[in-house]
A.B. asks: 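Below is one structure. I have some questions about it.
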Amino acid sequence: MSNKYSLRGLRDKYLSPSLSLSYNQPLHLVRGNGQYLYDEAGREYLDAVNNIQHIGHCHPKVIEAATSQLKKLNTNTRYLDETVLNYAQSLTEKLPEGLDVCFFTNSGSESNDLALRIARHYTESVETIVLGGAYHGHAISLIEISPYKYNGTGGKGAPDHVYEVPMPDSFRGKYRGPKSGEKYVDEISKILDQLRNDQKQVSLFISEAIMGCGGQLILPPPFLKDAYQLVRESGGLNISDEVQIGFGRIGDHYWGFDSQGVVPDIVTMGKSMGNGHPLSAVVTTREIADRFNSGMEYFNSFGGNPVSSAIGHAVLNVIEEEKLQGNALKIGSLLSSMLTKLKQKHSLIGDVRGKGLFLGIELIRDQLSLEPASIEAGEIVNKMKEKGILMSTDGPDHNVIKIKPPMVFNEENAELLVNIFDEVLMKYEIK
Ligand code: PMP
């Protein structure tokens, strides 16, 4: 490190000022292992937030797959190559019958941008239905369909081709309670009616089955099932964004859409797919992929290269070998029940939700008004970090504390997290 500048100074000088830095006292991490991270002083942190390092930081099987393939060959998809083909085959075996054609990309944003292109081409339309609070990526095309961004700080609102369903939040949303799912379906019907009246064709509906940036929200049934049916009947395509929740994270199912009993036309994935290596994909049906094949080549310099494919395949294998989906179910259920118990004690906890190792704790100031406890959420995440546990906040009001650790998170980790969380919450009102 230069004497002249601290790391913070160098960062301010050389990196984009639009980047954010976690925690009031930023962390300088130098090493990772499994669910643990270590700072420059050797202090250990329990990582409860990095869902990208899905099978654990620095997993030996990923290192081995990457290095052995790097030593052998790295090219692109313009050659015959068994590494990419074996991977594509194994990946599609994890998806429902019919979803079996892969386009490999390098980030969740790239996947969603390509999915939009494919759907727009298929439907010859751009009219897009999104969920309030959703985030689908940083490209222009995706900021345009991400209410999280276009309605957030610095955002410029939705463009004309984007139609927003109020965030299907049964706790604090426009419609609340157990029957709210049906009311959110009515909202989608209204959008489709409006499109018909305006003589416009719906192109696509894109959503996650459990909203990540929206605040770990499970879409209230029968919302997704009915929404898919209505969109399909109107000639539109359904896209499931599995960038955050795919690959067994939610425990009871491998994919988020599975947990809602729907089959999308296009699936997009990323983040966990390469355990931190930039690897993502769009998977669709033969019919949709063939229609997209208009004569214009789809070429991607890095997408689906042999090194990325070897890494992706290693991740798929480790999920099976180490039974990580089962672990997510077991540890996630334990965490969820321990946190739900804490809710009886701490009035700040409004809602505990999510599935598997994708959980959210929504903090509120008042049980009646449900006023979001955004400042408190930020304070708590910083306190947890001081005590050695890394978490983050999200949701439109940034009052939802998220738990989405590497999938090797164990019982001891879960108990430690809940005990420290309980201790940190003691500063606030007790019921
Ligand atoms: N979709 C969802 C649901 C996401 O959460 C994200 C990233 N947070 C993206 C897409 C974009 O992925 P990336 O950052 O890899 O471009």
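One-based numbering, in listed order, for ligands and for the atoms of each.
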A.B. asks: Would you check if there is a donor-acceptor pair between the side chains of His57 and Asn33 at a distance under 3.5 Å?
C.D. replies: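 The criterion, which ignores hydrogens and geometry beyond distance, is not satisfied for His57 and Asn33.
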A.B. asks: Under a 4.0 Å heavy-atom cut-off, what residues line ligand 1?
C.D. replies: Ser107, Gly108, Ser109, Asn112, Tyr135, His136, Gly137, His138, Glu208, Asp241, Val243, Gln244, Lys271
A.B. asks: Would you please name every residue forming a side chain to side chain donor-acceptor pair (under 3.5 Å) with Arg176, sequence neighbours left out?
C.D. replies: none
A.B. asks: Does one side chain, of Asn112 or Tyr135, offer a donor that lies under 3.5 Å from an acceptor on the other?
C.D. replies: no
A.B. asks: Test: salt bridge (Lys or Arg N to Asp or Glu O under 4.0 Å). Region: residues 142-167. Which pairs qualify, not counting sequence neighbours?
C.D. replies: none
A.B. asks: Does any N or O in the side chain of Asp39 come within less than 3.5 Å of the main-chain N or O of Arg43, such that one atom is a donor and the other an acceptor?
C.D. replies: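 Side chain of Asp39 to backbone of Arg43, a donor-acceptor pair under 3.5 Å: yes, one is there.
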A.B. asks: Got a sec, which residues hit side chain to side chain donor-acceptor pair (under 3.5 Å) with Ser189, two or more places apart in sequence or on another chain?
C.D. replies: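 Partners of Ser189 by the side chain to side chain donor-acceptor pair (under 3.5 Å) criterion come out as none, since no residue qualifies.
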